[in-house]
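Below you'll find the structure, written out as structure tokens, and then a few comments.
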Amino acid sequence: MLKNLLVLTIIFISITVQLSASQILLIGSDSREKGKRGNADVIMIITIKESEIKLTSILRDTYVYVKGYGNQKLNSAYRLGGKELLVNTINANFKTKLIQTIVTDFRNTADIIDKFGGVTLHIDKGIHQYVNGYIDEQASLKGVPLLPLTKTGTIKMTGDQALAYARVRVAGTVYDDHSRVERQKDVTKAVLNFAIQHKPMAGRYFYNLWSLIDTDISMSVFWKICKMFLSKPIIPKSQVFPNYQYYTNKRIPDIGLVLKLNDFNKASADLNKLIK
């Protein structure tokens with residue numbers, strides 16, 4: 001899921017090398033087993049301009065038509081047909097022209113965050129139990145014990161703790177899909193700030209980052225954008241699609257709770273404006 005919180009971070013925010021505006025689709029997979037695709041827990045369009053970088057998160061429960069599978073949650077397109085189907089689904093439903101992708105896997109996120117010394121975040125009392133629930137799940141998947149959160153407030157978190165925090169989504173509470181996107185941004189920004197303050201260390205981990213992603217971008221361009229970002233960091237503008245006004249929460253049999261768009265034409269126009 002949040003896999004590349006740091007990877008995404010350094011990658012997308014750094015791509016200021018191109019003069020013309022372009023978009024890259026960042027996909028964070030919820031894959032739990034090697035060789036098996038999971039749903040896409042992170043669906044983010046990175047817009048790169050000469051003097052601006054924008055990160056537009058698309059809510060994964062957005063209800064769309066997936067070619068060959070009918071109406072589904074957007075995040076299922078990656079599990080059903082990989083990055084190609086997810087890109088084609090977004091383009092077909094929202095009249096975008098996405099081509100380039102960066103694919104990440106949540107398994108390595110914790111390790112990367114730990115390499116950068118962990119992250120400092122504010123954890124409120126309400127979310128504490130949910131974070132520990134995800135930490136228990138991650139410990140089971142890894143087959144090793146992991147440290148739970150023992151306090152709230154502003155704390156230094158390990159990679160696994162930060163990953164669990166960013167994964168929390170509880171329908172019917174304040175910890176919904178919108179809030180999860182915000183938590184993902186919190187972790188991303190925390191890692192980013194660390195990278196900015198520790199440039200030599202960030203540069204040394206370049207090959208670690210490269211080995212953890214699947215991307216259409218060449219290694220030389222990736223290295224160039226990382227160096228550019230670290231030498232002249234640009235804090236990106238972040239936004240979320242769709243806006244509350246464009247959808248209705250609805251439960252669909254055999255699919256679950258979805259965000260059903262009221263007007264695809266209006267929603268499409270808004271998304272294209274956001275990523276322009």
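Rounded to the nearest 0.5 Å, atoms CZ (Arg180) and CZ (Arg60) are 4.0 Å apart. Rounded to the nearest 0.5 Å, atoms CD1 (Ile45) and CD1 (Ile275) are 4.5 Å apart. A distance of 6.5 Å separates CG of Leu80 from CG of Leu85, quoted to the nearest 0.5 Å. One distance of note links OH of Tyr134 with CG of Leu146; it measures 15.5 Å at 0.5 Å rounding. Put simply, OH on Tyr165 and CD1 on Ile123 are 5.0 Å apart, with the number rounded to the nearest 0.5 Å. Atoms CD and NZ, from Gln100 and Lys83 in turn, are 10.5 Å apart once rounded to the nearest 0.5 Å.
At a threshold of 4.5 Å between side-chain heavy atoms, the hydrophobic network of Ile, Leu, Val, Met, Phe, Trp and Tyr places Ile255 and Leu261 in two separate groups. Cluster membership check: Ile90 does not share its hydrophobic cluster with Tyr63, using side-chain heavy-atom separations under 4.5 Å among Ile, Leu, Val, Met, Phe, Trp and Tyr. Hydrophobic clustering, with ILVMFWY side chains joined whenever heavy atoms are under 4.5 angstrom apart, keeps Leu259 apart from Tyr65. Residue Tyr247 is not grouped with residue Val258 when hydrophobic side chains (ILVMFWY) are merged at heavy-atom distances under 4.5 angstrom, including chains of intermediate members. A continuous path of hydrophobic side-chain contacts links Leu59 to Leu25 [ILVMFWY only; heavy atoms under 4.5 Å].
Nearest heavy-atom pair, Ile27 versus Ala40, reported as atom, atom and distance to 0.1 Å: CG2-CB, 3.9 Å. Taking each heavy atom of His128 and Lys151 in turn, the nearest pair found is CD2-O, 3.9 Å. Taking every heavy atom of both residues into account, Leu149 and Val131 meet most closely at CD1-CG1, 3.5 Å. The shortest non-hydrogen separation linking Ala162 to Met157 is N-CE, 3.8 Å. Contact record, Gly38 with Ser29: N-OG, 3.7 Å, taken as the closest heavy-atom pair. The minimum heavy-atom distance between Thr152 and Asp124, with the atom names listed, is CG2-O, 3.8 Å.
Between the side chains of Thr248 and Asn262, at least one donor N or O lies within less than 3.5 Å of an accepting N or O. Side-chain contact annotation: Thr47 with Gln23, donor-acceptor N/O pair under 3.5 Å absent.
Looking at Lys156, its side chain does come within 3.5 Å of a backbone N or O of Gly117 through a donor-acceptor pair. The closest donor-acceptor contact from the side chain of Asn39 to the backbone of Asp41 lies at 3.5 Å or more, if one exists at all. When atom types are taken as modelled, the side chain of Asn272 and the backbone of Ser268 share a donor-acceptor pair closer than 3.5 angstrom. With hydrogens and angles disregarded, no donor-acceptor distance shorter than 3.5 Å links the side chain of Gln239 to the backbone of Lys54. In this structure a side-chain-to-backbone donor-acceptor pair under 3.5 Å is missing from Asp114 to Thr158. Not one N or O on the side chain of Asn249 forms a donor-acceptor pair closer than 3.5 Å with the backbone of Leu257.
Side chains of Asn71 and Ile252 form no contact here, defined as non-hydrogen atoms less than 4.5 Å apart. A 4.5 Å side-chain heavy-atom check between Thr62 and Pro242 finds at least one atom pair inside the cut-off. Looking only at side-chain heavy atoms (C-beta outward), Tyr246 and Leu271 stay at 4.5 Å or farther from each other. Tyr78 is not listed as a side-chain neighbour of Ile43, based on a closest heavy-atom distance of 4.5 Å or more. The shortest side-chain heavy-atom distance between Leu86 and Leu74 falls under the 4.5 Å cut-off. Two residues are said to be in side-chain contact when any heavy atoms from C-beta on lie closer than 4.5 Å; Glu84 and Thr101 fail this criterion. Proximity of Gln138 to Leu163: side-chain heavy atoms (C-beta onward) are separated by under 4.5 Å at one or more points. Between Gln161 and Ile155, every side-chain heavy-atom pair lies at or beyond the 4.5 Å cut-off.
The ring pair (Phe, Tyr, Trp, His ring centres under 6.0 Å) search around His178 returns Tyr244, not counting sequence neighbours.
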Given the rule in the side-chain contact (heavy atoms from CB on, under 4.5 Å) test, do Val240 and Glu182 qualify, once you have shown the distances and angles that lead to the verdict? CA-CA 9 Å; Val240 178; Glu182 293 305 316; 4.0 Å; yes
Steps toward salt bridge (charged side-chain N to carboxylate O under 4.0 Å, His left out) verdict (Asp61, Arg169): CA-CA 11 Å; Asp61 290 342; Arg169 177 191 182 281; 2.7 Å; yes
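Between Asp160 and Lys142 there is a salt bridge, with a side-chain nitrogen of the basic residue lying less than 4.0 Å from a carboxylate oxygen of the acidic one.
At most 12 heavy atoms of other shown residues, nucleotides or ligands fall within 6.0 angstrom of atom CD1 in Ile99.
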